[in-house]
Asks: 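Mind having a look at this structure? Questions to follow.
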There are 2 protein chains.
Amino acid sequence: MIPINITIKDVAKELGVSYSSISRALNGKEGVSEATRQKILKTAEKMGYQPNDLARGLVNKISKTVGVIIPDINNPFFGEIVTGISDAANEKEYNIFLCISGWSPKNEQAYFDTLRKKRVDGIILKSAGKNEDYENVRSPLMIIERYSKTLEYNCVEVDNELGGYLAAKHLLDCDYRNLGFILGKEDIFASQSRLNGAARALKEYGMSINENAVIEGSFSIEGGRMAAKELFENRGEKIDAVFSMNDLIGLGVLQYCSDQNISVPDEVGVIGYDNISYSRLPQIQLTTIHQPKYELGRMLFDTLLEEIQAKDEPKQVKKVILNPELKIRKTTRVLK
Amino acid sequence: MIPINITIKDVAKELGVSYSSISRALNGKEGVSEATRQKILKTAEKMGYQPNDLARGLVNKISKTVGVIIPDINNPFFGEIVTGISDAANEKEYNIFLCISGWSPKNEQAYFDTLRKKRVDGIILKSAGKNEDYENVRSPLMIIERYSKTLEYNCVEVDNELGGYLAAKHLLDCDYRNLGFILGKEDIFASQSRLNGAARALKEYGMSINENAVIEGSFSIEGGRMAAKELFENRGEKIDAVFSMNDLIGLGVLQYCSDQNISVPDEVGVIGYDNISYSRLPQIQLTTIHQPKYELGRMLFDTLLEEIQAKDEPKQVKKVILNPELKIRKTTRVLK
DNA sequence: CTGAAAGCGCTAACAT
DNA sequence: ATGTTAGCGCTTTCAG
């Protein structure tokens, strides 16, 4: 590991050639004889030369860098997405700036600005703010999970309406009839789409959503536990199944049921959303809606890169939709 | 959100002043009258000017950027560390490049090189490779969890020897006598330190480590399950307690016990390491050694920054050690 | 207090 | 095929 930063000029001096030749050789451009190119490559290597991407970015106006703003890396849902983004980016020789907003629109906005200063080529964002904030951003931007037919931004999402439909239909197929819903207030948007899907499933059964059994909770285990308490104790409903808008909430509901000696899945059925790795632990076995998180991450980056590379062409809004899948495990009952 | 990148010159032209004045005003340097400074600040703001950090980095030789290389962001252990690093960095107006090496020394090395090209001010690294690789790096570097008295690099770690001692002592205090150990082959170094601590505890009881009950597994749930199978079925030992070198392995051991109808904690006690959030789920309740992960992350960044800012002074190796803590839960038995 | 000019490391047009 | 030069956006002497 050589510590001092060797520049293109150092290499040029060493060899007695002009430094533009070094640049040409290093970038595989023509205008250098094969002989000198080899010579240059060899001594650059020997001297431990590493090109300065700051300087490169300055002249090329491409930093080979993207920003990723997510609310919480400890939620495995985002962990897997970020892994997908990272792998896809790495293949294209891109690096990612990771920004953790903690579900705060203020932090999110601040990160957005610093990323602009860093001159990232594009941004991938899971927003905690209002959609309209990002409608008119003209630099490459991908929004995670904020599908909108009308608003003009790019977006890759796993179909939330369909996921909600699958979840509710499964509960109904299992003969649960009094469904409760715990949304995540951090992303009321996705929660609402899933609720719409659930309404469609209920309609097929000639039923509709009981608004008094819809709770706005928080996307965490503790949030799920508290929402379950509210749902079962203060709403005066006799709920026999809970549709949790993410797995963490589902885990909280299970915790509540365990504390209260409510038997799952017999008395109460529980379904989650996301299919994070912990939901398939043998002690948990949470029935859930699988989202292809890793693939989503890769798709986000690849789509972003497409847009980055199509700078000149007229911008066209990209909307990619992936499919969710029902994973039946042990927190919903099996019909005989 | 203004899309076009306004430069310092645009602002200068707008106001009819030289662009060096703009620079002075923006950076709070003296040499501008308060009147023009205010005028400059206002129109810069109005024009949506954002300084170009690439250019700044080029001249200042400080990019306000650090690289973080970790094996796996889906392991909550690293997730929390990264959150700590991110928060500490953000406070100091630093951004982080996240690199996920997948426990591959080859990827790790490749990321190390790209980070050098990006001219990061420093690197935080959880290495999967050999220690010696990084001994002579002269740019600011923090190694996670690789304490070495002899080797010359900076390091913040949670005392592994002590953690190992606490874990083994607890098992012995609970009257378990035939201890098995499942190491993580990805980081044999940390595992070994913990094993040394365990040996010390055993010694206090007049015992020593049964080498035939030491398994080199893998830091994952499935790795833990497989190692447990090996330990219980192929080693011809009657193990009554397992010290797992991380919580994921512990979860795998619990899974094995559940599959085999081995009762925990009566027949077999299980202790993990790390105290990831999932280990305290009511369905899990894994006894474990707590590591202050978030604090570790903050400490890593703060210590790195100290070194970055002490560029000129003679380098002195920094070794920070935090203390682990025993968390007794339900997978080890209570003595009457 | 302000402007002009050099230079950070690099690429790309322009000469030779 | 190679060298010279300008310039990316900025900070920082050095003049005025």
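Throughout, a chain's letter reflects where its sequence line sits, starting with A, and its residues are numbered from 1. On a predicted model such as this, the values are computed, not experimentally measured, just so you know.
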Asks: Using a cut-off of less than 4.0 Å, is there contact between a side-chain N or O of A:Lys61 and OP1 or OP2 of C:dT11?
Replies: no

Asks: 5'-most contact on DNA chain C: B:Val17 or A:Leu54, nearest heavy atom basis?
Replies: B:Val17

Asks: Between A:Thr36 (side chain) and A:Val32 (backbone), is there a donor-acceptor pair under 3.5 Å?
Replies: no

Asks: Before giving the answer on side-chain contact (heavy atoms from CB on, under 4.5 Å), spell out for B:Ile69 and B:Phe112 the whole-Å C-alpha distance, their side-chain angles and the decisive distance to 0.1 Å.
Replies: CA-CA 8 Å; B:Ile69 307 177; B:Phe112 205 89; 4.1 Å; yes

Asks: Just do the ring pair (Phe, Tyr, Trp, His ring centres under 6.0 Å) check on B:Tyr94 and B:Phe301 with the steps written out, would you?
Replies: CA-CA 10 Å; B:Tyr94 263 77; B:Phe301 180 80; 5.6 Å; yes

Asks: Find the distance B:Glu34:CD to C:dT2:C1' and express it as a whole number of Å.
Replies: 15 Å

Asks: Regarding B:Glu91 and B:Arg298, does a basic nitrogen lie under 4.0 Å from an acidic carboxylate oxygen?
Replies: yes

Asks: For the pair made of CD in A:Gln38 and C1' in D:dA1, what is the distance, rounded to whole Å?
Replies: 16 Å

Asks: Can you check whether B:Thr7 has a side-chain N or O nearer than 4.0 Å to OP1 or OP2 of D:dG9?
Replies: no

Asks: From NZ of A:Lys39 over to P of D:dA1, roughly how many Å is that when rounded to an integer?
Replies: 14 Å

Asks: Take the protein atom CG of B:Asn52 and the nucleotide atom P of D:dG9, then report the distance between them rounded to whole Å.
Replies: 7 Å

Asks: Using whole Å, report how far CG of A:Asp53 lies from P of C:dC8.
Replies: 19 Å

Asks: Fit a plane to each ring of A:Trp103 and A:Phe78, take the angle between them on a 0 to 90° scale, and name the class: parallel (under 30°), tilted (30 to 60°) or perpendicular (over 60°).
Replies: perpendicular

Asks: Counting only side-chain nitrogens and oxygens, does B:Ser21 get under 4.0 Å of the OP1 or OP2 atom of C:dG3?
Replies: yes

Asks: Please report, rounded to the nearest Å, how far the P atom of D:dG9 is from the NZ atom of A:Lys118.
Replies: 17 Å

Asks: Might you work through the salt bridge (Lys or Arg N to Asp or Glu O under 4.0 Å) test for B:Asp53 and A:Lys118, ending with a clear yes or no?
Replies: CA-CA 5 Å; B:Asp53 280 352; A:Lys118 290 283 190 277; 3.1 Å; yes

Asks: Judged by modelled atom types alone, do A:Asn154 and A:Glu307 share a side-chain donor-acceptor pair under 3.5 Å?
Replies: yes

Asks: Has A:Lys13 got more than 12 heavy atoms of other residues, nucleotides or ligands less than 6.0 Å from its NZ?
Replies: no

Asks: Answer yes or no: does a side-chain N or O of B:Ser33 lie under 4.0 Å from OP1 or OP2 of C:dC1?
Replies: no

Asks: Check the interface with nucleotides 11-15 of chain D: list each N/O to N/O pair with the protein under 3.5 Å, or write none.
Replies:
unit_1 : atom_1 : unit_2  : atom_2 : d
D:dT11 : OP1    : B:Asn27 : OD1    : 3.4
D:dT11 : OP1    : B:Asn27 : ND2    : 3.0
D:dT11 : OP1    : B:Arg56 : NE     : 2.8
D:dT11 : OP2    : B:Ser23 : OG     : 2.7
D:dT11 : OP2    : B:Asn27 : ND2    : 3.4
D:dT11 : O3'    : B:Asn60 : OD1    : 3.4
D:dT12 : OP2    : B:Lys29 : NZ     : 2.8

Asks: Expressed as a whole number of angstroms, how long is the span from A:Lys13:NZ to C:dG9:C1'?
Replies: 13 Å

Asks: Return the value, rounded to whole Å, for the distance between atom CD1 of A:Ile62 and atom P of C:dC10.
Replies: 17 Å

Asks: Give the angle between the helix axes at the two ends of the helix from C:dC1-D:dG16 to C:dT16-D:dA1, taking five base pairs at each end and rounding to 10°.
Replies: 50°

Asks: For atom NZ of A:Lys318, decide whether the heavy atoms of other residues, nucleotides or ligands shown that lie under 6.0 angstrom number more than 12.
Replies: yes

